[in-house]
Amino acid sequence: MFEIIRIFSALTMPGLLVLLFSRVTYNRVIGLVLTVALIAASVYKGYTDTFYLIVIDAFSLTAGFWLAAKMKHRAVKNS
């Protein structure tokens with residue numbers, strides 16, 4: 001059960017953090033860098049200890065970065 005929670009968190013949290021930091025800083029690259037720094041700290045502390053969780057985190061980061069670009073394009077288009 002604990003492993004399922006870790007996988008689900010790896011699928012959702014990095015992408016949501018990229019979106020959150022992108023909205024706060026108004027820059028999607030800075031949002032990505034801040035999220036990567038948090039994931040690196042997580043790996044260093046030992047919370048992300050398997051290779052497949054790191055791959056899932058990377059996929060979620062990519063999806064969040066893509067969604068942040070879409071949100072920016074939509075915001076510019078509407079104003």
Side-chain angles (χ1 to χ4, degrees):
M1 183 67 176
F2 182 68
E3 193 66 24
I4 294 172
I5 293 171
R6 288 175 57 181
I7 291 171
F8 183 71
S9 296
L11 276 172
T12 57
M13 295 307 288
L16 291 175
L17 283 173
V18 170
L19 291 175
L20 174 74
F21 289 145
S22 297
R23 294 288 287 177
V24 170
T25 63
Y26 297 107
N27 190 336
R28 64 188 172 121
V29 175
I30 293 176
L32 180 70
V33 169
L34 289 172
T35 307
V36 168
L38 283 175
I39 291 174
S42 169
V43 170
Y44 180 73
K45 292 293 277 183
Y47 299 122
T48 306
D49 55 355
T50 58
F51 180 72
Y52 71 91
L53 280 178
I54 296 171
V55 171
I56 294 171
D57 281 338
F59 172 75
S60 181
L61 283 170
T62 305
F65 190 72
W66 179 75
L67 283 172
K70 287 288 196 183
M71 283 183 4
K72 180 181 177 186
H73 179 68
R74 190 174 356 147
V76 170
K77 185 178 172 182
N78 287 338
S79 58

Phe21 reachable from Val29 in the ILVMFWY side-chain graph, under 4.5 Å edges: no
Sequence neighbours left out, cut at 3.5 Å: what donor-acceptor pairs do the side chains of residues 4-11 make with other protein atoms?
| residue | atom | partner | partner atom | Å |
| --- | --- | --- | --- | --- |
| Arg6 | NH2 | Asp49 | OD1 | 2.6 |
| Ser9 | OG | Ile5 | O | 2.9 |

Co-membership, hydrophobic cluster, residues Leu20 and Leu16, 4.5 Å side-chain: no
Interatomic spacing from CG in Leu19 to CH2 in Trp66 - rounded to 0.5 Å: 11.0 Å
side-chain hydrogen bond (donor to acceptor under 3.5 Å, both in side chains) involving Thr48 - partner list, sequence neighbours excluded: Ser42
Cluster overlap Leu17 with Ile30, hydrophobic side-chain contacts below 4.5 Å: yes
Non-hydrogen atoms of Val18 and Phe65 that approach each other most closely: CG1-N, 3.7 Å
OH/Tyr52: more than 12 non-hydrogen atoms of other groups inside 6.0 Å: yes
Spacing of CE belonging to Met13 relative to CD1 belonging to Ile56, to within rounding of 0.5 Å: 15.0 Å
Transitive ILVMFWY side-chain link Leu34 to Leu38, under 4.5 Å: yes
Distance, nearest 0.5 Å, that separates CG of Asp57 from CD1 of Ile39: 4.5 Å
Residue pair Val36 / Leu61: nearest heavy atoms and the distance that separates them: CG2-CD1, 3.9 Å
Residue pair Ala69 / Arg28: nearest heavy atoms and the distance that separates them: CB-NH1, 3.3 Å
